[in-house]
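Here is the structure we will look at, set down as structure tokens.
The analysis underlying the following values was restricted to heavy atoms, covering all of them including side chains, and did not include hydrogens, waters or symmetry mates.
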Amino acid sequence: MANPTLPKNAPFGPEDIDFLNKLVGRSTPMQRSWLSGFLAGLDAAQGLGGVQAAAAPVAAAKPRVPMTILYGSESGNAEALAFKAKKVASKFSVDAKVVDMADADLAQIAKVKNLAVYISTWGEGDPPQRAVDFYKALMADDAPRFDGVRYAVLALGDTAYVNFCETGRRIDARLEALGGIRVVDRIELDLDYQKGAQAWTDGMLAKFQPADGGTATVVHVDFKASAAEGDDLEEPVYTSENPCEAEVSALVNLNGTGSTRETYHVEFAFDAPEFTYEPGAAIGVLPENDPALAADLAAAVGLGTDAGLVAKLARQFDITTLSRGTVDAFAKLTGRKDVAALLEGDALARFSADRQLVDLFETYRETLTAEQLLKLLRPLPGRLYSVASSLKAHPGEAHLLVGAVRWASHGRQRKGVASTFLGERRKSGDKVRIYVKPNRHFGLPANGDTPIIMIGAGTGVAPYRGFIEDRVETGAKGQSWLFFGERNFTNDFLYQLEWQDHLASGALTRIDVAFSRDQPEKIYVQHRLWERRDEIRGWIADGAHLYVCGDEKGMAKDVDGTLARILADGGDDAAGLAKLKDLTKSGRYQRDVY
Amino acid sequence: MSDTRSKNESIKEKSRLLRGSIAEGLAHVETGAIDEDDTQLLKFHGSYMQDDRDVRGERAKKKLEKAFSFMIRLRLAGGNLTPEQWLKLDDIAGTYANGTLRLTTRATFQYHGVIKSNLKRTMQAINAACIDTIAACGDVNRNVMSAAHPYLSKAHKSAEELAKKISDHLLPRTGAYHEIWLDGEQVVTSEGKSQPESEPIYGTHYLPRKFKTVVAVPPDNDVDIFAHCLGFIAIVSKGDVVGWNVTVGGGMGMTHGETDTFPRTADLMGFCTPEQAVDVAEKVVTVQRDWGNREVRKNARLKYTIETHGVDAFRAEVEKRLGYKLGAPRPFKFERTGDRIGWAQGHDKKWHLTLYVENGRVKDTSSRKLRTALREIAATGGVDFVVTSNQNLVIANVAAKQKAKIEAVLAGHGVEIATSSAMRRNAMACVALPTCGLALAESERYLPSLITKFEDILDAAGLRDDEIIVRMTGCPNGCARPYLAEIGFVGRAPGLYNLYLGAAFDGTRLNKLYAQDVDEARILKLLEPLLKRYAKERHDGERFGDFVIRAGVIKATTAGNTFHADLALAAE
Ligand code: SRM
Ligand SMILES: Cc1cc2nc3c(=O)[nH]c(=O)nc-3n(C[C@H](O)[C@H](O)[C@H](O)COP(=O)(O)OP(=O)(O)OC[C@H]3O[C@@H](n4cnc5c(N)ncnc54)[C@H](O)[C@@H]3O)c2cc1C
Ligand SMILES: Cc1cc2nc3c(=O)[nH]c(=O)nc-3n(C[C@H](O)[C@H](O)[C@H](O)COP(=O)(O)O)c2cc1C
Ligand code: SF4
């Protein structure tokens with residue numbers, strides 16, 4: 001900001017003005033907000049209420065209201081929205097500060113006047129990992145009252161999931177139950193949330209905006225929150241709305257012939273200096289559907305001959321997800337009782353468990369017009385993939401490790417949209433639209449000497465390739481230990497030759513592997529962790545950072561449990577869990593699970 | 001001064017009696033391989049490091065190392081097994097190996113496709129079946145083979161007993177095997193008592209090269225006695241073995257284009273009494289230990305030692321070490337090599353079924369469930385199993401009333417006892433691709449289809465039931481003893497073989513090169529007229545291998561050192 005100067009007519013002597021200019025000049029936003037709060041608070045405390053008009057601060061235009069923007073986020077969407085909201089807030093004379101549920105203290109939050117909540121839903125209707133503690137405390141019987149707290153909730157979700165925006169709903173209801181005052185109705189947003197979020201946020205802020213002439217209120221000062229403002233979120237240049245056209249420069253199935261797996265190493269090349277990412281980030285891919293499925297879908301509603309429509313379906317629309325919303329709309333459109341019946345009880349959950357949209361149309365035959373069909377569909381959302389490369393090691397490139405999703409049900413071979421789009425329907429030289437999804441909560445320690453323990457199964461090993469490549473480029477000296485798990489040693493050892501090279505050069509200090517199907521008994525990464533528990537404790541004692549990446553249900557849960565047991569070191573699990581939480585809070589235990 | 005010895009000599013020397021860094025190598029989880037030098041030592045423990053050659057091309061592209069795995073060869077002196085052992089070995093094949101058991105040309109089993117992380121537990125499972133693998137490979141006396149039917153006669157029994165005695169007596173004494181694989185536990189097999197840390201017979205450098213011993217009972221030469229370093233031929237009187245003729249200096253292996261390497265039929269060295277046999281074996285081994293060529297490994301086999309020093313000088317040295325003279329060889333007569341497929345009755349009235357196993361591969365296919373059938377037979381018990389020296393299997397000691405049941409089980413799984421043609425029943429192919437690192441061409445995976453083509457010719461010529469010995473190997477090492485086959489194929493390159501003709505049916509004479517680098521079309525073109533002529537012009541009882549010589553198609557190979565001589569290759 002331009003160097004601030006106090007107006008000559010400010011109620012101070014010249015050298016004081018000089019002095020204040022110096023001070024304000026070098027102050028950070030945080031210091032300034034603290035100072036204003038402090039001074040206002042000081043007067044308030046000394047009961048010097050009515051300030052003479054003459055001494056009224058010139059700058060004091062409109063009165064401002066404080067607001068706490070509280071977010072719970074896993075992959076960063078809600079987080080980004082929260083920080084965006086803070087930026088626009090000032091336009092509405094709202095002094096907002098952003099607080100991550102991970103760092104929030106419930107008692108403090110219950111005291112704020114104005115509260116905006118940006119929250120996503122994960123797992124099967126669960127809060128984001130880092131928000132779990134806050135969420136539990138809020139739901140607990142001994143949660144503090146929120147009497148008089150004015151609030152609003154924005155819920156992020158994905159209509160593909162049965163428990164759409166579940167966490168947002170519950171928080172909204174809970175705040176009300178605790179005496180909070182809902183100022184704006186909750187909004188529930190699907191994966192295409194951007195526009196909706198912006199509109200809702202503006203409307204919401206307008207509602208919280210102070211009526212003119214209100215008196216200035218004490219800015220509550222919270223250092224942690226302010227610190228968060230310090231490192232404001234940089235919105236990446238390339239987003240799902242503004243993707244980058246990258247070229248597929250390499251594409252290979254890393255699994256050996258005879259493997260039960262199909263995992264693609266995909267290399268993207270782009271000529272775009274602003275396309276930057278850090279190891280640990282995710283790359284978004286805007287896929288296209290299998291044209292054959294698009295044709296089947298169109299045919300199912302009697303539009304099979306409309307080639308233009310089929311192409312459109314393939315490129316732009318989500319034609320696989322069978323969501324409640326779609327079924328509801330389809331039932332209303334057709335007036336069919338049998339379709340409507342799907343919406344009762346858990347009928348839909350059972351029907352959609354292993355079915356997709358095409359099954360709905362093939363089971364309940366109806367002819368639709370193109371417009372009718374398109375109205376039922378949502379835009380085709382992008383898919384995220386942990387970046388498997390370091391930009392330093394591969395300038396102008398981003399590498400992904402993509403596991404093909406395939407399954408068969410009801411006589412149809414099902415294909416994961418994005419994973420087979422990349423693995424099966426793209427070849428070297430083709431163009432793909434990609435974007436960057438930074439992850440502030442999964443990345444290398446700032447200090448290159450810090451030891452790291454990387455735990456991953458299957459595609460969960462992807463980010464660690466980027467980690468090690470990055471440490472090679474930066475000449476980081478810290479020790480590193482990889483725990484990798486898959487099915488069979490011979491055909492599923494992803495990036496085996498590269499790990500061997502890194503071990504030889506010392507870039508990777510140790511490796512332990514768990515191949516579940518090579519022997520009669522199943523061996524998973526958590527078993528290897530347990531075997532090495534003493535050394536792992538040693539590494540943690542030496543300040544090691546721990547990382548887990550990959551399948552949530554399949555692995556991350558068990559790894560959590562095992563790490564807790566290891567940390568408990570003979571003591572009870574609760575103690576271990578507590579230690580694990582501390583590591584999480586201090587950023588030394590980071591997860592990237594999906 | 002520079003070390004002129006072959007590389008393997010220094011590896012053995014540094015190995016601390018076969019330990020090397022095998023144990024450390026097993027602990028490296030990022031690779032399926034072990035250290036190069038250790039692969040040489042691992043052979044002494046009964047295992048070879050290999051890689052799946054079918055997929056070599058794709059691996060690097062997929063950022064994967066070669067598809068390494070290990071072949072494990074059992075030490076099965078005499079070659080027989082209890083049904084309980086069979087079941088255990090079958091389990092191992094399914095749990096740790098590629099789902100097959102491979103009967104070898106030297107009367108034992110091999111597993112293929114065992115990955116490094118399972119190597120130790122597989123070794124332990126094998127030992128839990130009271131079988132070990134030590135010295136199944138390596139520069140030591142290997143598995144000792146004896147005539148197939150130990151139950152056929154008392155003489156066969158004595159042959160089996162001698163085989164076991166020699167095998168145990170010549171075992172390495174190092175504790176390395178127990179240390180690395182069994183965590184120091186004792187093996188439960190014979191001689192399992194704790195072993196002193198020295199090699200009284202072998203010394204720290206063991207033998208210059210592999211060493212092979214067999215025991216034969218005339219008139220059957222199923223063990224191909226003339227193909228081995230050391231052989232004992234039973235001399236029987238009134239049903240009892242009164243002593244053994246001793247042969248030395250046989251071997252098959254050679255190298256294409258190197259005429260100083262050649263297959264060689266063993267010489268008769270003398271006669272010894274039953275009590276002397278083990279002692280004789282030990283002394284023959286120690287002379288080879290001291291006289292064998294340790295500088296040029298390809299000339300290190302006993303056959304070359306005999307070739308260099310002559311059998312008389314060799315006998316003299318052996319007798320010197322024995323402290324007594326060997327007797328003059330006694331008369332004996334071999335009638336045939338190969339196995340007599342089908343049922344045979346032993347002296348004790350028990351029945352023995354010699355089952356033809358194509359290329360020794362015990363496996364299940366959609367139409368032919370041999371592995372399952374044998375499992376069932378083993379599970380019902382009451383029988384024994386004997387692996388023959390021709391990749392076949394004897395289901396032994398079957399009570400008369402059991403015969404029908406066994407035939408039913410086999411038939412029920414699509415396994416016929418005496419398959420199609422006599423040529424097929426006598427055919428052998430080595431393993432070759434994809435596991436064998438030395439293969440130049442296909443063998444096990446190819447010969448069956450080639451035989452099928454021959455069968456049309458045989459039918460036309462009316463030779464379907466004539467026993468003609470056909471053997472194929474994927475390289476000149478000769479693992480299926482192709483140079484003792486009436487028709488021998490030796491791989492040169494993918495799809496191309498050298499064709500050898502004229503070996504004796506009784507295994508006493510080597511064959512000779514007839515055509516070079518021939519593909520299937522040419523093979524059939526060359527052999528069809530010969531087989532037809534044989535059908536017409538043979539004297540009665542005349543064997544194909546003898547016929548081609550009488551007919552002037554090929555010269556007789558009278559000794560190994562003339563194997564490469566007087567060639568008359570077929571006209572292009
Ligand atoms: C399994 C078997 C062939 C079969 O189809 O049954 C076999 C298989 C191999 N032989 Fe053999 N040999 C087998 C009997 C033979 C025979 C036949 C015999 O001994 O009656 C010979 C010819 C006789 C002789 O020793 O001269 C034989 C001469 C060789 C040689 C050449 C030796 C030489 O002096 O030149 C090699 C290569 C070497 O030793 O360097 C070899 C090496 C090999 C290896 C281990 C390849 C290697 O060294 O990497 C083959 C493993 C292939 C695989 O994937 O299993 N194998 N090998 C036989 C196992 C015998 C056993 O149970 O111990
Ligand atoms: C932060 C993050 C990082 C990620 N990193 C990676 C990565 O590095 N590598 C990677 O491969 N993936 C990664 N993923 C997952 C990836 O984003 C996609 O979810 C995955 O590739 C599947 O997408 P798709 O379009 O191919 O399948 P979709 O078309 O989305 O189909 C997947 C859906 O199909 C259904 N389904 C799948 N299998 C069955 C079955 N057997 N029966 C019934 N229904 C079934 C399920 O509803 C599932 O959600 C990551 C996800 C996140 C959120
Ligand atoms: C593994 C996984 C599970 C999810 N589970 C749900 C769910 O149960 N209900 C829902 O509405 N959305 C669910 N979502 C969608 C997310 O809520 C959605 O992507 C949201 O934009 C993420 O916001 P965030 O980045 O702030 O966490 C899930 C997403 C993933 C990747
Ligand atoms: S003969 Fe050659 S190819 Fe065949 S198994 Fe022996 S070494 Fe391998």
Main-chain N/O of G478(A) paired to R471(A) side chain as donor or acceptor, under 3.5 Å: yes
Between these two chains, chain A and chain B, I want each donor-acceptor atom pair under 3.5 angstrom written on its own line with its distance.
unit_1: N253(A); atom_1: O; unit_2: K62(B); atom_2: NZ; d: 2.5
unit_1: N255(A); atom_1: O; unit_2: K62(B); atom_2: NZ; d: 2.9
unit_1: T257(A); atom_1: N; unit_2: E58(B); atom_2: OE2; d: 2.8
unit_1: T257(A); atom_1: OG1; unit_2: E58(B); atom_2: OE1; d: 2.5
unit_1: T257(A); atom_1: OG1; unit_2: E58(B); atom_2: OE2; d: 3.1
unit_1: T490(A); atom_1: O; unit_2: R59(B); atom_2: NH1; d: 3.1
unit_1: T490(A); atom_1: O; unit_2: R59(B); atom_2: NH2; d: 2.6
unit_1: N491(A); atom_1: OD1; unit_2: R59(B); atom_2: NH1; d: 3.0
unit_1: Q496(A); atom_1: N; unit_2: K63(B); atom_2: O; d: 3.2
unit_1: Q496(A); atom_1: OE1; unit_2: E65(B); atom_2: N; d: 2.9
unit_1: Q496(A); atom_1: NE2; unit_2: E30(B); atom_2: O; d: 3.2
unit_1: Q496(A); atom_1: NE2; unit_2: E65(B); atom_2: OE2; d: 3.2
unit_1: L497(A); atom_1: N; unit_2: K63(B); atom_2: O; d: 2.9
unit_1: E498(A); atom_1: OE2; unit_2: K63(B); atom_2: NZ; d: 3.1
unit_1: Q500(A); atom_1: NE2; unit_2: E30(B); atom_2: O; d: 2.9
unit_1: Q500(A); atom_1: NE2; unit_2: E65(B); atom_2: OE1; d: 2.8
unit_1: D518(A); atom_1: O; unit_2: N118(B); atom_2: ND2; d: 2.8
unit_1: E521(A); atom_1: OE1; unit_2: R121(B); atom_2: NH2; d: 2.9
unit_1: E521(A); atom_1: OE2; unit_2: R121(B); atom_2: NH1; d: 3.3
unit_1: E521(A); atom_1: OE2; unit_2: R121(B); atom_2: NH2; d: 3.1

Interchain contact, L64(B) with chain A, by part (heavy-atom threshold 4.5 Å): both
Region of V29(B) that comes under 4.5 Å of a non-hydrogen atom in chain A: both
P83(B): side chain to side chain contact (heavy atoms under 4.5 Å, CB included) partners, not counting sequence neighbours: A378(B), D384(B), F385(B)
Structural part of F493(A) lying under 4.5 Å from a heavy atom of chain B: both
Closest-packed option against chain B by number of heavy-atom pairs under 4.5 Å, given L494(A), V252(A), L254(A): L254(A)
Non-neighbouring partners of D534(A) that pass side-chain hydrogen bond (donor to acceptor under 3.5 Å, both in side chains), sequence neighbours left out: R537(A)
Region of I511(A) in contact with chain B, defined by heavy-atom distances below 4.5 Å: both
With L563(A), the side-chain contact (heavy atoms from CB on, under 4.5 Å) member among D558(A), I453(A), L546(A): L546(A)
Spacing of CG belonging to L81(B) relative to CG belonging to L76(B), to within rounding of 0.5 Å: 5.0 Å
Pair I566(A)-I540(A), side-chain contact (heavy atoms from CB on, under 4.5 Å): steps then yes or no: CA-CA 11 Å; I566(A) 290 174; I540(A) 293 174; 5.6 Å; no
K431(A): side-chain hydrogen bond (donor to acceptor under 3.5 Å, both in side chains) partners, not counting sequence neighbours: E247(A)
Stepwise side-chain contact (heavy atoms from CB on, under 4.5 Å) check, R383(A) with F421(A): CA-CA 11 Å; R383(A) 308 292 201 267; F421(A) 166 71; over 6 Å; no
